[in-house]
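Structure first, commentary second.
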Amino acid sequence: MQSNPSSTGSESPKAPFVSSFRKDDPLRIGLCGLGTVGKAVINVLQRNADLIAHRAGRPLSIINCASRRYYETDGLDPDIFSGDVLASADRDDVDVIVELIGGTTTAYELVRRAITNGKHVVTANKALLAEHGNELFDLAREHGVVIAFEAAVAGGIPIIKALREGLAGNRIDAIAGIINGTGNFILTEMQREGSDFFDVLAEAQARGYAEADPTFDVEGIDAAHKLALMASIAFGMPLAFERTYTEGISRLTPFDIQHAAQLGYIVKHLGIARRHEGGVELRVHPALVPDWHLLARIDGVLNAVVVHADAVGQTLYCGAGAGGEATASAVIADLVDLARHDGTSTPMLGTLLSKLTDQHCLDINDVESAFYIRLFARDEPGVLASVATILSNEGINIESIMQKESDEQNGLIPIVLLTHRVQESRMNKALASMADLDQIIGEPVRIRVADLLLDHRN
Ligand SMILES: NC(=O)c1ccc[n+]([C@@H]2O[C@H](COP(=O)([O-])OP(=O)(O)OC[C@H]3O[C@@H](n4cnc5c(N)ncnc54)[C@H](O)[C@@H]3O)[C@@H](O)[C@H]2O)c1
Ligand SMILES: N[C@@H](CCO)C(=O)O
Ligand code: NA
């Protein structure tokens with residue numbers, strides 16, 4: 001593969017890797033990891049070989065494939081298979097390593113080794129990039145190669161290309177999205193069928209949506225990985241995964257999902273990144289989305305990202321956020337980019353790495369939201385008045401309140417209320433005071449109401 005160090009925007013500070021073959025020769029791929037995504041990459045590359053070669057201007061050829069196990073059904077010549085992924089990075093005949101093994105240990109070693117050997121890397125591994133990206137992107141820059149990662153964020157949706165290239169003329173003010181397919185699949189089933197959390201998780205795993213460690217999906221870590229990557233491009237800042245506020249869906253109950261629906265809201269798990277005067281807000285958590293909003297209608301494994309930008313306004317990107325072929329679509333798009341040109345002319349994070357500027361990340365306690373609150377109270381007079389007094393003492397206005405019939409089994413009354421916007425620290429104080437009331441049983445539940453800056457009412 002030929003690199004052009006003088007191309008505008010190049011991140012290569014030193015002599016780039018120049019391979020021995022001409023532009024019309026195949027792009028030589030070392031595919032590492034033959035799981036859900038790896039197998040799908042093979043399938044799609046084989047099925048659409050001619051049209052991909054036409055578009056790329058040359059064939060894309062897997063010349064080496066490494067994974068723990070090989071199956072005949074993987075559809076590859078067994079002669080190109082090896083059990084040693086790290087050895088793929090040392091081969092002289094490989095131009096690009098496609099890292100689809102996942103995790104942050106061997107994958108980290110593999111990617112470092114590929115880069116130091118002058119190979120481009122295409123990866124779907126958001127955990128690796130969110131945790132080690134600042135170092136790995138720098139390493140790639142030093143060696144004149146790129147790390148391409150469209151598949152790492154929102155699966156098949158071309159959101160990285162949209163943020164980095166399509167919106168390059170805009171100041172991006174906010175991003176809000178459903179960016180974990182497993183989580184959205186679980187919430188959709190809980191909402192529609194009142195299904196049990198763990199049954200739905202098992203189905204998402206069987207369909208190949210979930211991470212090797214599904215805690216990453218259900219505790220919001222995977223979404224935070226993806227949000228950090230998008231925020232870096234949108235705001236021109238280094239990756240700030242460790243400063244992203246992260247809360248998952250594992251404590252949501254069908255009770256709250258159904259009560260939110262009665263109030264006109266659908267519970268979704270959102271990643272939100274927003275620019276403020278004094279910094280940025282990076283947060284991942286469940287949120288109530290008004291049922292008329294487009295994001296409320298994104299169901300199952302679908303992902304959707306809304307971007308708010310100064311020139312274009314709001315744009316919405318929607319599609320399959322997980323699954324083999326959908327993710328393979330994004331992996332192959334990156335490979336086609338590399339086959340067409342060397343890729344080093346587009347900054348990997350949309351801004352030259354040397355020009356990225358760190359931003360202050362707001363503490364979640366300083367962020368303002370409206371809240372859904374649910375309490376279980378003893379069926380005694382005065383409890384509503386006590387709750388209202390606590391809220392009023394913190395300057396919190398109530399938007400609406402629902403007091404339900406007492407539950408026949410435990411004799412407790414569910415109280416569900418919506419508040420106006422308030423700083424999170426004040427809400428936390430109010431919740432602590434409510435929990436201290438004798439009549440309140442168990443921990444109060446609070447879910448933020450999404451403030452999406454949008455009005456897609458239709
Ligand atoms: N599945 C999805 O929908 C999806 C979507 C987007 C991104 N991703 C990302 O893509 C990557 C792969 O995901 P997947 O779902 O295909 O995972 P998977 O578990 O199905 O496949 C991983 C493959 O890599 C192999 N492997 C792992 N460690 C290895 C090692 N040390 N040596 C040799 N082989 C090894 C495994 O044997 C397996 O074949 C992950 O980073 C994941 O986060 C997955
Ligand atoms: N486990 C991830 C895969 C796609 O990144 C999800 O469910 O969204
Ligand atoms: Na994508």
Side-chain angles (χ1 to χ4, degrees), residues 31-42 65-71 74 81-89 98-111 122-131 148-164 177-187 200-201 203-227 229-230 233 248-249 269 271 284 300-305 317-334:
L31 177 64
C32 296
L34 268 184
T36 304
V37 184
K39 284 181 195 169
V41 167
I42 295 171
C65 177
S67 194
R68 284 210 182 95
R69 273 172 297 183
Y70 169 78
Y71 299 96
D74 292 341
F81 181 80
S82 139
D84 185 353
V85 288
L86 293 178
S88 300
V98 176
E99 184 280 301
L100 298 173
I101 64 174
T104 53
T105 50
T106 309
Y108 172 74
E109 235 181 295
L110 170 66
V111 167
V122 171
T123 180
N125 192 337
K126 52 270 170 169
L128 177 69
L129 295 182
E131 285 181 28
F149 57 97
E150 183 59 77
V153 182
I157 304 174
I159 186 66
I160 296 303
K161 215 171 187 36
L163 289 171
R164 193 177 53 197
I178 295 169
I179 47 178
N180 182 268
T182 302
N184 202 45
F185 183 77
I186 293 173
L187 287 182
V200 192
L201 172 60
E203 195 180 336
Q205 287 175 297
R207 292 181 184 215
Y209 303 155
E211 295 303 301
D213 178 355
T215 316
F216 278 35
D217 296 297
V218 298
E219 297 305 345
I221 301 159
D222 177 75
H225 289 151
K226 294 164 177 167
L227 189 72
L229 284 161
M230 290 195 291
I233 298 173
I249 60 169
H269 190 233
V284 165
V301 74
L302 288 180
N303 281 192
V305 181
Y317 308 84
C318 172
E325 290 220 350
T327 309
S329 162
V331 169
I332 293 169
D334 280 342

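Both ligands and their constituent atoms are indexed starting at 1 by order of listing.
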- line: Closest to atom 8 (O) of ligand 2 among protein heavy atoms sits Gly181 N, 2.7 Å
- line: One finds that the ligand 1 atoms under 4.0 Å from a non-hydrogen atom of Ala322 are 3 (O)
- prompt: Do Glu150 and Arg164 meet the salt-bridge criterion of a basic N to acidic O distance under 4.0 Å?
  reply: no
- prompt: For ligand 1, does Val85 get within less than 4.0 Å through its side chain, its backbone, both, or neither, judged by non-hydrogen atoms?
  reply: side chain
Closest protein heavy atom to atom 4 (C) of ligand 2, given as residue, atom name and distance to 0.1 Å: Gly321 O, 3.2 Å
- line: Thr106 heavy atoms within 4.0 Å reach ligand 1 at atoms 31 (N)
Ligand 1 contact on Thr327 by region, counting heavy-atom pairs under 4.0 Å: side chain
query: Within a strict 4.5 Å, meaning less than it, do heavy atoms of the Tyr108 and Glu131 side chains meet?
result: no
- request: Could you tell me whether Ala151 approaches ligand 1 through its side chain, its backbone, both or neither, with non-hydrogen atoms closer than 4.0 Å?
  value: backbone
query: Is any side-chain heavy atom of Leu201 closer than 4.5 Å to a side-chain heavy atom of Pro214?
result: yes
- line: Of all protein heavy atoms, the one nearest atom 2 (C) of ligand 2 is Glu211 OE2, 3.1 Å
Single hit among Val85, Val331, Val122, Val98 for side chain to side chain contact (heavy atoms under 4.5 Å, CB included) with Leu31: Val98
message: If the cut-off is 4.0 Å to any non-hydrogen atom of Asp222, which atoms of ligand 2 fall inside it?
response: 2 (C), 8 (O)
field: Residue Leu100 vicinity, atoms of ligand 1 by number, heavy atom under 4.0 Å
entry: 12 (C), 22 (C), 23 (C), 24 (O)
message: Looking at Asp217 and Glu211, would you say the former's side chain and the latter's main chain have a donor-acceptor pair under 3.5 Å?
response: yes
query: Would Lys226 and Asn180 count as a side chain to side chain contact (heavy atoms under 4.5 Å, CB included) if you check the C-alpha gap in whole Å, the side-chain angles of each, and the deciding distance to 0.1 Å?
result: CA-CA 9 Å; Lys226 294 164 177 167; Asn180 182 268; 4.2 Å; yes
message: Give me the nearest non-hydrogen protein atom to atom 7 (O) of ligand 2 as residue plus atom name, then the distance to 0.1 Å.
response: Thr182 OG1, 2.6 Å
query: If we only count heavy atoms from C-beta on, is the Ile178 to Leu302 side-chain gap below 4.5 Å?
result: no
query: Do the side chains of Val284 and His269 get nearer than 4.5 Å, heavy atoms only?
result: yes
message: Pairs of nitrogen or oxygen atoms closer than 3.5 Å, one from Gly83 and one from ligand 1: do any exist?
response: no
task: Could you tell me whether ligand 1 has any atom less than 4.0 Å away from a heavy atom of Gly208?
output: yes
- request: Taking the side chain as every heavy atom from C-beta outward, state whether Ile221 and His225 have any pair of such atoms under 4.5 Å apart.
  value: yes
query: Any idea which atoms of ligand 1 are less than 4.0 Å away from a heavy-atom of Glu211?
result: 42 (C), 43 (O)
- prompt: Does Gly155 come within less than 4.0 Å of ligand 1, judged by its heavy atoms?
  reply: no
message: If you measure every N or O of Val37 against every N or O of ligand 1, does any of those distances drop under 3.5 Å?
response: yes
- request: Give a yes/no verdict on whether any heavy atom in Lys126 is under 4.0 Å from an atom of ligand 1.
  value: yes
- prompt: Which heavy-atom pair separates Gly156 from Ala330 by the least distance, and what is that distance?
  reply: CA-CB, 4.3 Å
message: Give the atom numbers and elements of ligand 2 that come within less than 4.0 Å of a heavy atom of Lys226.
response: 2 (C), 4 (C), 5 (O), 6 (C), 8 (O)
message: Considering both backbone and side-chain atoms of Asn303, is one of its nitrogen or oxygen atoms within less than 3.5 Å of a nitrogen or oxygen in ligand 2?
response: no
query: Counting each atom of ligand 2 from 1 as listed, which ones have a heavy atom of Asp217 under 4.0 Å away?
result: 1 (N), 2 (C), 6 (C), 7 (O)
- prompt: Is the Na ion (ligand 3) less than 3.0 Å from an N/O/S atom of Val153, whether that atom is in the backbone or a side chain?
  reply: yes
message: Heavy-atom pairs closer than 4.0 Å: do any link ligand 2 to the side chain of Thr327, the backbone, both, or neither?
response: neither
Contact check, Gly155 vs ligand 2, heavy-atom distance below 4.0 Å: no
- prompt: Of the protein's non-hydrogen atoms, which lies at the shortest distance from atom 5 (O) of ligand 2, and what is that distance?
  reply: Lys126 NZ, 2.5 Å
